[in-house]
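Notes follow once the structure below has been shown.
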Amino acid sequence: MRLLVSFLLVFWIIHDNAVDINDFSQLNKTYISDIIYPTNIAEIQAALVRAKLESKKISIAGKRHSQGGHAFCPQAIVIDMCRFNRIINLNVADKIITVQTGATWDLVQHYIHHHGLAIKVMQTAEIFTIGGSLSVNAHGRDPRFGPLIETIRAVRILLASGTIVEASRAQNYDLFKLAIGGYGLFGIILEVDIELTDNTVYQKSVHTLQVDKYADFINQKVLSDDQLGLHYGIVSMSPYNFLKEMVAVKYVKHPALSEKTSHACTLSQETNVKFLRSTLNLQRKFPSYHYFARLFNWSNIIMEERQRDVVCRNNAMRHPTALLEYTATSHVHALCSYFIPSESFACFMDYLRASCRTYKVRFFAVLTRYIPCNTESFMSYTDQRRIEVVVFLFHKNSPQGINEMRRWTQSTVDFVLAHHGTYYLPGNLHPTYHQINTAYPQLAEFFAKKRAYDPAEIFVNYFYLKYNRA
Ligand SMILES: Cc1cc2nc3c(=O)[nH]c(=O)nc-3n(C[C@H](O)[C@H](O)[C@H](O)COP(=O)(O)OP(=O)(O)OC[C@H]3O[C@@H](n4cnc5c(N)ncnc54)[C@H](O)[C@@H]3O)c2cc1C
């Protein structure tokens, strides 16, 4: 009895004091030792000193939209960078902005918009931190540019040794290539100099086509169009033409309206959030409601896409995401990205269609875009030009549901690897050790270089704990 009481006491003390944290997946609830919100470099340096004194690990967090515990691990001190978010300098003439890495793209857009400037490469939406975007080497919808590293002039990083170094193509180039796409394993990226572009005004056009025509569309209508600014595709979820038909959207430089007029437009804000969120909640929870929504959604999507036809780059790069915020109940949603050679796109759609019957997962959106080749980042996922397929799906929030998702993910990664494709790392950590090493044969060397910069392995997260075997 006394043993039970003392055990409960210890359990209560540990769990009462510990903080728990999670990420976008809502499946990685983790007890950490502490979470701090620095607002200046001295506080970040102090956290590093404290972790060393307390022999604790450090994990670095942005907005925690990576889905595999990439921003934390058990009992770590988590440094949440979101309040370290000052804009340090904007050089309008050279179109270069210097920001602290806790800043989000939204903050940067608000700062540069009335200077007639826009972002070259960012994710589909503006909600992510710059630090989190750098650490996954994010990519966007402008097919002229590859991943984020292409637009980075220099970064300033706090290393495990406590020194702050500048890394760029001119100095510490090795570290530059490792830290961008480095998943927070090489040090804390403090500041960054980012190249911007003009806030061009676009004319939007929408094309409906069969998925087996998409590879040609990319070559003939996207890559050959030198006036094109942004492109993406939406694949049908309707039971009538499920993963067979799609709309391809192009934003082309408006013949008359220049960025000089883009000052006039205000940055768009999300609307109907409550309504969209509740319909998505219903679709997530109730498969039958989801089925009916799919019946009607397709024509709505085509109509919706056809509406707003003149838009500036900043607004075209802002995308509704508030509807995705929710509290997990019986079901959760997940996002997975795969990069597939264009000649295998149509058969990948066939595979995905069949996979929905084999595994208990439900798709609620499949989006596409073109990603050019760029191998500068050490953990590059764009070693070939490919089509990215982003799959949003629902699965049960239960051990069986998670296991189904694991089986679907591993089967899908096998398919993609067999077709000379690869997968994006900020998703769940279901791919096996063999699969990640096949997709990223440089992984072991990446981790070895990490230990060269961080011999005590102070910067840790679940990604490192799962796949590092040294
Ligand atoms: C709905 C949704 C849409 C998405 N769309 C896209 C897309 O269009 N294109 C794309 O490329 N990706 C996309 N992603 C993936 C997204 O870009 C990554 O998950 C990104 O890391 C999220 O940024 P964050 O601020 O949430 O970072 P977090 O998830 O908090 O952190 C990501 C990684 O960065 C590290 N990190 C964070 N800040 C720092 C820092 N200052 N120094 C060092 N390391 C740091 C963390 O340790 C972690 O390893 C999407 C994800 C979601 C959920």
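Atom set for the values below is all heavy atoms of this structure, side chains included, hydrogens, waters and symmetry mates excluded. Order of listing sets the numbers, starting from 1, for every ligand and every atom in it.
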Residue set satisfying salt bridge (Lys or Arg N to Asp or Glu O under 4.0 Å) with Lys450, at least two apart, ordered chain then number -> Asp454
Taking the six-membered ring for Trp, are His419 and Tyr351 closer than 6.0 Å centroid to centroid?
no
Which pairs count as ring pair (Phe, Tyr, Trp, His ring centres under 6.0 Å) when at least one residue sits in residues 35-63, sequence neighbours excluded?
none
Which protein residues come within less than 4.0 angstrom of ligand 1, counting heavy atoms only?
Phe24, Ile60, Ala61, Gly62, Lys63, Arg64, His65, Ser66, His70, Ala71, Met81, Thr101, Gln123, Thr124, Phe128, Thr129, Gly131, Gly132, Ser135, Val136, Ala138, His139, Tyr183, Gly184, Gly187, Ile188, Ile189, Leu324, Leu335, Arg369, Tyr424, Pro426, Asn461
Sort out for me which residue in Ile194, Val99, Asn314 forms a side chain to side chain contact (heavy atoms under 4.5 Å, CB included) with Val108.
Val99
Does Tyr464 have its ring centroid less than 6.0 Å away from the ring centroid of Phe447?
yes
My understanding is that only residues two or more places apart in sequence, or in another chain, count here; which of them pass side chain to side chain donor-acceptor pair (under 3.5 Å) with Ser337?
Glu388
